[in-house]
Each structure stands twice: as C-alpha cells, then as structure tokens.
Amino acid sequence: MAGGKKKSSTLPSRIQKTLSSICQDKHMVLFKAEYTFLVTAVLWFLEIGINIWLIQRVAYTEIDWKAYMDEVEGVINGTYDYTQLKGDTGPLVYPAGFVYIFTGLYYLTDHGQNIRLGQYVFAVFYLTTLLLVFRIYHRTKKVPPYVFFFICCASYRIHSIFVLRLFNDPVAMMLLFGAINLFLDGRWTLGCALYSLAVSVKMNVLLFAPGLLFLLLCEFGLWKTLPKLTLCAVIQMVLGLPFLLVNPVGYVSQAFDLGRQFLFKWTVNWRFLPEDVFLSRYFHLALLLAHITTLLLFALKRWKRSGNSIWSILTDPSERKETVHKLSIIQTVLVLFTSNFIGMCFSRSLHYQFYVWYFHTLPYLLWSGGVKKLAHLLSLHISPPPILGLIELSWNTYPSTNYSSLSLHVCHLIILLYLWLNSTPALPSQKSENKAKRH
C-alpha cells in the first residue's frame with residue numbers, strides 16, 4: 001500500500017514538473033524536439049476536426065473507388081482469374097491483400113454505395129497513420145515540433161488522397177508505418193509479416209525493400225535473415241492462393257507487373273519530357289540503372305559503417321570478426337526512408353495519389369541530411385521548410401506543367417544531396433535499445 005501511495009503521489013509532482021518546464025520554455029515548445037509528443041498530440045486532435053469538416057463540406061470526387069468495388073465484386077461473385085477482374089478504370093492490378101481489405105470495405109459501405117461512411121473509415125486510416133508517423137518521430141527526436149504542422153494540417157493533397165478520393169495507397173502506407181514501428185521495437189518477425197501485408201495492398205511498398213534487407217542483414221546476418229524473407233514470401237503465397245490455383249501466371253503478371261506502362265497525361269514528375277521519351281523502354285531502363293546504382297552507392301558509402309566490410313553483414317553477428325555495431329533507431333529510420341525516397345526520385349511516373357508514398361518521410365530526410373554543408377557548398381541559405389513548400393506546390397499543380405515537374409526534380413536532387421552529405425555514420429544503438437528482444 002505504501003508503495004502504491006508513493007507512486008500515486010509522484011504522478012502529480014511529475015505533471016507539475018512538466019507543466020512548469022513548459023511554462024519556462026513556452027517560447028521554445030515549437031523548436032525543442034523533447035516537446036514532440038505534446039505538439040503532435042495537439043495537432044492530432046485538431047486533425048479530427050479538420051477531417052470531419054472536409055468530409056462534411058468538401059465534395060467527394062470519384063476516381064478509383066467505384067473501380068475498386070467493381071473489382072472486388074467480381075471476386076465475391078466467384079471470379080478468381082485475375083485477368084477477368086476489371087473496373088471502370090481498367091483491370092485489377094493490385095495483389096490479393098487489396099482484394100481482402102476492400103472486400104471488407106465493400107460490405108461495410110453497403111456494396112460501396114455509402115460513400116460518406118467510406119470517407120469516415122478513411123479518416124480513421126488517416127488518423128491512425130498520423131499516430132504511427134508521430135510515434136516514429138517521437139522515438140527519434142530528430143525534427144523540431146513546428147514541422148509537424150506541415151506534415152498534417154497544411155497539406156490539402158494528402159487529406160484529399162485519404163478522405164476525398166479513397167485511394168488504396170493510404171491503406172498500404174498505414175500498414176507500412178505500422179511495420180516500421182515494430183522494427184523500432186525490435187519485433188522484426190512481426191514487422192516483416194506486416195510489411196508483407198502492406199506489399200499485398202500495393203507494390204509501391206517494395207521501394208522500402210532494399211533498405212529493409214540491409215537492416216535485416218546488419219541485425220541478423222544472412223542465415224537468420226532468410227527465415228524472415230521466407231515469411232514475407234509465404235504470406236504473399238497464402239494471400240494469393242485462391243487466385244494462384246486458378247491462373248498463376250495471370251495473377252503474378254497482373255498483381256506484380258513491374259513493366260506496367262503509365263499514361264503521360266497523369267505524370268507529375270516527367271511532364272517536361274516529350275511523350276515518346278516518357279514511353280521509351282530505353283528511358284525506363286536508364287531510370288532502373290540509376291535507381292540500382294544510387295542504392296548501391298548509399299549502401300556501400302552511407303549506410304555501412306566506415307571501416308567495416310560490406311561482406312561482414314552477411315555473417316552471423318556473434319561470429320563477425322570486425323566490430324559491426326547495431327544500427328540505432330535514428331539510422332534505422334533513415335535507411336528505410338532513404339531507400340523509399342531513392343525509388344521515388346527514379347520512378348518512371350508519379351501520379352497525384354503517389355504523394356502519400358513519401359510525404360510523411362520528407363521532414364525526417366531533410367533534418368537528417370547535411371543541410372549546412374550543402375548550403376556552404378552552394379553558397380546558398382537553404383532551409384528545409386521552403387523545400388517542403390515547393391514540393392507541396394508541385395504536387396498541387398493540376399495538371400502538372402514543365403515548371404512544376406522540373407521544380408519537383410530540383411527539390412528531389414537537393415534532398416538527395418542532403419542525404420549524401422550527411423556525415424553521421426551508422427550509429428551504435430543505445431544500451432536500452434540493445435535490450436530490445438529479437439523476434
């Protein structure tokens with residue numbers, strides 16, 4: 001009892017101490033990373049009101065929702081041949097996880113007719129995504145709190161993608177950020193399972209795969225990484241089994257079509273190119289080569305700790321001759337976010353809903369990079385918030401123009417230089433992090 005009284009009596013004192021600290025530092029609340037939790041909590045509750053207002057006041061725009069419902073309705077009616085599943089906007093091109101999740105939404109929204117209810121479901125997805133993203137930023141304490149206004153309340157495009165368009169991209173990213181949270185907690189097996197589920201909703205999540213593979217090898221070595229990769233593959237097989245049994249080639253070619261051709265009229269990032277160049281296979285191969293080369297350079301020169309051989313991460317951690325430090329939470333997030341960002345830079349085409357693929361990661365990338373070093377190199381006063389504003393402007397220019405596409409590439413190039421000039425090596429984790437369980 002005495003222990004209980006002591007514990008309860010210390011709670012008010014802790015609250016008083018926190019409030020006193022806030023009062024003393026009130027002019028710095030928006031700039032000190034230790035106040036991340038406080039600021040994000042306020043913004044999250046503010047977002048509840050913003051989403052309700054948007055749903056009630058701004059008109060819903062039909063783009064892909066009806067097509068989604070038509071596609072899953074085909075499955076409900078007994079069609080398991082992927083080549084026969086189509087909607088208003090074309091054939092079904094998403095893996096099986098998409099079918100199961102949107103079948104649930106089909107029934108929940110009265111066969112897809114209750115759009116308003118669907119919007120509120122996606123508002124819950126949005127708020128859940130924010131919680132997961134805010135938790136990542138709270139764990140790293142890398143970004144000043146005032147920046148979180150830019151990654152939630154200030155972006156009309158992101159709100160639109162979630163609650164005014166009902167795309168499947170937000171569902172995939174919500175699951176992805178859930179997986180990253182599990183990785184940060186040391187729950188790698190469960191995190192890999194959730195990651196694979198995210199891939200089963202939309203393939204864009206594979207852009208994180210090179211970074212995840214690097215982290216798994218660092219953490220476990222090759223032989224202990226293989227079971228986790230096998231788990232990811234088995235989940236894909238199990239989810240796709242009803243379709244694989246009917247037409248395996250049709251399912252794989254439709255759901256995982258890496259050579260899919262995009263329409264020039266929807267491109268956000270390559271508007272300044274002639275259409276024949278945009279559609280050229282040689283251009284696509286050049287982008288793929290640049291993508292792979294950049295990933296290898298970052299893995300060899302930026303993700304790997306200086307002085308360690310890249311081959312050392314293939315061996316079991318307990319048998320490594322060299323001192324290979326575990327990656328910290330900060331570096332873990334940086335590797336994953338950078339891997340995805342490199343994929344965005346060299347994407348064959350970016351459409352408006354694809355903004356959600358990297359939007360929430362941009363502040364972390366900017367504040368992790370060598371901003372001061374690049375500014376000195378270019379003799380410019382470069383600040384991350386204006387870059388975020390330019391990127392937002394590029395994604396909100398409809399239809400895209402030569403200038404909006406070029407400005408987006410310039411911003412991407414600056415961020416890539418930020419990350420390359422980042423002098424922070426792969427940091428060893430803190431003792432508290434080393435105690436995290438390996439699952």
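In what follows, residues are counted from 1 in the order of the sequence shown. Fair warning: this is a prediction, and the values are worked out from it, not measured in the lab.
- Residues Y358 and H412 share a closest heavy-atom pair of OH-NE2, 2.8 Å.
- F208 has its ring centre no less than 6.0 Å from the ring centre of Y195.
- Residues R348 and Q261 are in side-chain contact: their nearest non-hydrogen atoms beyond the backbone lie under 4.5 Å apart.
- With L164 as the partner, the side chain to side chain contact (heavy atoms under 4.5 Å, CB included) test is satisfied by one option alone out of I63, I55, V58: V58.
- No donor-acceptor distance shorter than 3.5 angstrom exists from the side chain of S280 to the backbone of D276, with no hydrogens or angles considered.
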Inset, instruction - Would you check, one step at a time, whether the test side-chain contact (heavy atoms from CB on, under 4.5 Å) holds for H291 with L207? - result: CA-CA 10 Å; H291 183 188; L207 294 179; 4.1 Å; yes

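- Residues V268 and T397 are not in side-chain contact: their nearest non-hydrogen atoms beyond the backbone lie 4.5 Å or more apart.
- The aromatic rings of H351 and F354 lie parallel to each other, with less than 30° between the two planes, well short of the 60° mark.
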Intermediate values then yes/no, side-chain contact (heavy atoms from CB on, under 4.5 Å), S400 and L408 | CA-CA 10 Å; S400 62; L408 183 62; over 6 Å; no

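- Taking CD1 of I387 as the start and CD1 of I415 as the end, the distance is 6.0 Å to the nearest 0.5 Å.
- In plain terms, the two heavy atoms of M203 and F256 that are nearest each other are SD-CA, 3.4 Å.
- Ring geometry, F220 versus W188: the interplanar angle exceeds 60°, so the pair is classed perpendicular (tilted spans 30 to 60°).
- Under the side chain to side chain contact (heavy atoms under 4.5 Å, CB included) test applied with F298, the options T294, L296, L295 reduce to a single match, T294.
- In this structure, M173 and V133 have side chains that are not in contact, with every pair of non-hydrogen atoms separated by 4.5 Å or more.
- Of all the heavy atoms in N269 and S347, the pair that sits closest is ND2-O, 3.3 Å.
- Between the CG atom of L334 and the CG atom of L419 there is a distance of 6.5 Å, given to the nearest 0.5 Å.
- The distance from the CZ atom of F183 to the CD1 atom of I329 is 13.5 Å, given to the nearest 0.5 Å.
- In this structure, S155 contributes its side chain and C152 its backbone to no donor-acceptor pair below 3.5 Å.
- E71 has its side chain out of reach of V75: every pair of non-hydrogen atoms, C-beta onward, lies at least 4.5 Å apart.
- At least one donor-acceptor pair under 3.5 Å links the side chain of N181 to the backbone N or O of F177.
- From H360, atom NE2 reaches atom CG of L130 across 5.0 Å, with rounding to the nearest 0.5 Å.
- The local environment of CH2 in W44 is crowded, with over 12 non-hydrogen atoms from other residues, nucleotides or ligands closer than 6.0 Å.
- At least one side-chain heavy atom of L216 sits less than 4.5 Å from a side-chain heavy atom of L229.
- In the model, Y355 has a side-chain atom that pairs as donor or acceptor with a side-chain atom of E392 under 3.5 Å.
- No side-chain heavy atom of F243 sits under 4.5 Å from any side-chain heavy atom of Q254.
- Relative ring orientation between Y137 and F337 is described as tilted, the plane-to-plane angle lying within the 30° to 60° band.
- The shortest heavy-atom contact between S253 and G250 is OG-O, 3.1 Å.
- Here the CZ atom belonging to R139 is positioned 13.0 Å from the OG1 atom belonging to T36, to the nearest 0.5 angstrom.
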Would you give me the side-chain donor-acceptor pairs under 3.5 Å for residues 90-104, sequence neighbours excluded?
from : atom 1 : to   : atom 2 : distance (Å)
Y100 : OH     : L239 : O      : 2.6
T103 : OG1    : V99  : O      : 2.5

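- Residues P363 and V143 share a closest heavy-atom pair of O-CG2, 3.9 Å.
- Ring centroids of F134 and F148 are separated by less than 6.0 Å, placing the two rings close together.
- Within the 4.5 Å cutoff, the side chain of N247 has no heavy atoms near those of the Y80 side chain.
- Taking the six-membered ring where the residue is Trp, the centroids of Y82 and Y251 are separated by under 6.0 Å.
- A donor-acceptor pair under 3.5 Å is formed between the side chain of S394 and the backbone N or O of S404.
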| said: Apply side-chain contact (heavy atoms from CB on, under 4.5 Å) to residues V199 and I235 and explain how you reach the verdict. | reply: CA-CA 10 Å; V199 172; I235 289 174; over 6 Å; no

Item to check | Test side-chain contact (heavy atoms from CB on, under 4.5 Å) applied to E47 and H159, step by step | outcome: CA-CA 10 Å; E47 277 286 359; H159 285 92; 2.8 Å; yes

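- Y68 and L166 get closest at one heavy-atom pair: CE1-O, 3.4 Å.
- Side-chain atoms of R187 do not come within 3.5 Å of backbone N or O of L182 as any donor-acceptor pair.
- Aromatic pair W270/F283: centroids less than 6.0 angstrom apart.
- At distances below 3.5 Å, at least one donor-acceptor pair connects side-chain atoms of N340 with backbone N or O atoms of W357.
- Considering L217, L212, L215 as possible partners of T225, the one that fulfils the side chain to side chain contact (heavy atoms under 4.5 Å, CB included) test is L217.
- Under the 6.0 Å distance and 45° angle rule, R271 counts as a cation-pi partner of F264.
- Interatomic distance, M174 CE to L176 CG, rounded to the nearest 0.5 Å: 11.0 Å.
- A distance-only check finds no donor-acceptor pair linking the side chain of H138 to the backbone of A33 [under 3.5 Å].
- A donor-acceptor pair shorter than 3.5 Å can be found between the side chains of S196 and Q236.
- Looking at F341 and L416, their side chains come closer than 4.5 Å, going by heavy atoms from C-beta outward.
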